[in-house]
Amino acid sequence: MEVIITSSYGKICEEAAHIIHQEWQKKNNLVLGLATGETPLGVYKELTGMNQRNEFDFSDIVAFSLDEYLGLEEDHPQSFAYYMTENFFKHINIKTKNIFRLEGRPSDIEAHCQKYEEKIKSYGGIDVQILGIGRNGHIGFNEPGSSLSSRTRVKTLTEETIRDNARFFTDEREVPRFCLTMGIGTVMEAKMIILLASGKEKSEAIKNCVEGAVTASAPASALQLHPRVKILVDEEAGSQLTNKDYYKWVFKNKGRVKDYMK
Ligand code: PGA
């Protein structure tokens, strides 16, 4: 795990966009797994800027959404489909045929989830998965207790998540109770994972994710078993990390191994 602690939310987003750009330079038809929520918004803004300055071409990029509320139509302003279009896709030159998403109202839920998994595989798997983290440690909508090898499926949101997400709806009662989400097992198959967190309210979840025991009670802790994970946090989200000085030291010395061997 590479833990990168930056001074501000803006810096996290710049760093995440920079990493994705570097990966794209190695593989132009990069397959991205994209999360919604407040945290990744800045990353999508950075990437949009790169696209508009002709530094980053999205024409061969493929995108898979991480999750979706069950019951919402695609054009519902709180659906994740709507979020992705409004905050990212409509501003960049990604092709519609390269955008895949979980539907809010599939006719056969199980078959839809199964097909989604197959679709990801047909593109060779996800190259870079972007994740936020819930205050309860969820990734995607894999709430505490989710199997660490779970696949794309229906989940019931916790009351805490419903309350946290009520800020996006006019009334808490409007927040869907169920969702579809890639499973933790699905996420873990991505070749690289970038998890972003900002603010003090995420500090306990980050502590459990990075330094806690690997447990279904803290779903993000599964990432400790992934070979290529970058945890990007601001000072506040990283404030409870016991080894934060070491993570900063590692970052400061990054790329210096070659010099050291001269
Ligand atoms: P947030 O959501 O980025 O809006 O805080 C993160 C999450 O719940 O996964």
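These numbers were taken from a predicted model, which means no experiment stands behind them. Heavy-atom basis, side chains included; hydrogens, waters and symmetry copies ignored. Each ligand, and each atom within it, is numbered from 1 in the order the structure gives.
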Under a 4.5 Å side-chain heavy-atom rule over Ile, Leu, Val, Met, Phe, Trp and Tyr, are Ile130 and Met50 clustered together?
-> yes
Verify whether the ring centers belonging to Phe169 and Tyr69 lie closer than 6.0 Å.
-> yes
Answer yes if Ile120 and Leu131 sit in the same cluster of Ile, Leu, Val, Met, Phe, Trp and Tyr residues linked by side chain heavy atoms under 4.5 Å apart, and no otherwise.
-> yes
Report the relative orientation of the aromatic rings in Phe56 and Phe58; use parallel for angles under 30°, tilted for 30 to 60°, perpendicular for over 60°.
-> parallel
Evaluating non-hydrogen atoms only, which member of Leu131, Thr36, Ile133 is closest to atom 6 (C) of ligand 1?
-> Ile133
Ligand-residue contact atoms, ligand 1 with Thr39, heavy atoms, under 4.0 Å | 1 (P), 3 (O), 5 (O)
If you compare Lys202, His138, Arg167, Glu38 by their heavy atoms, the one closest to atom 9 (O) of ligand 1 turns out to be His138
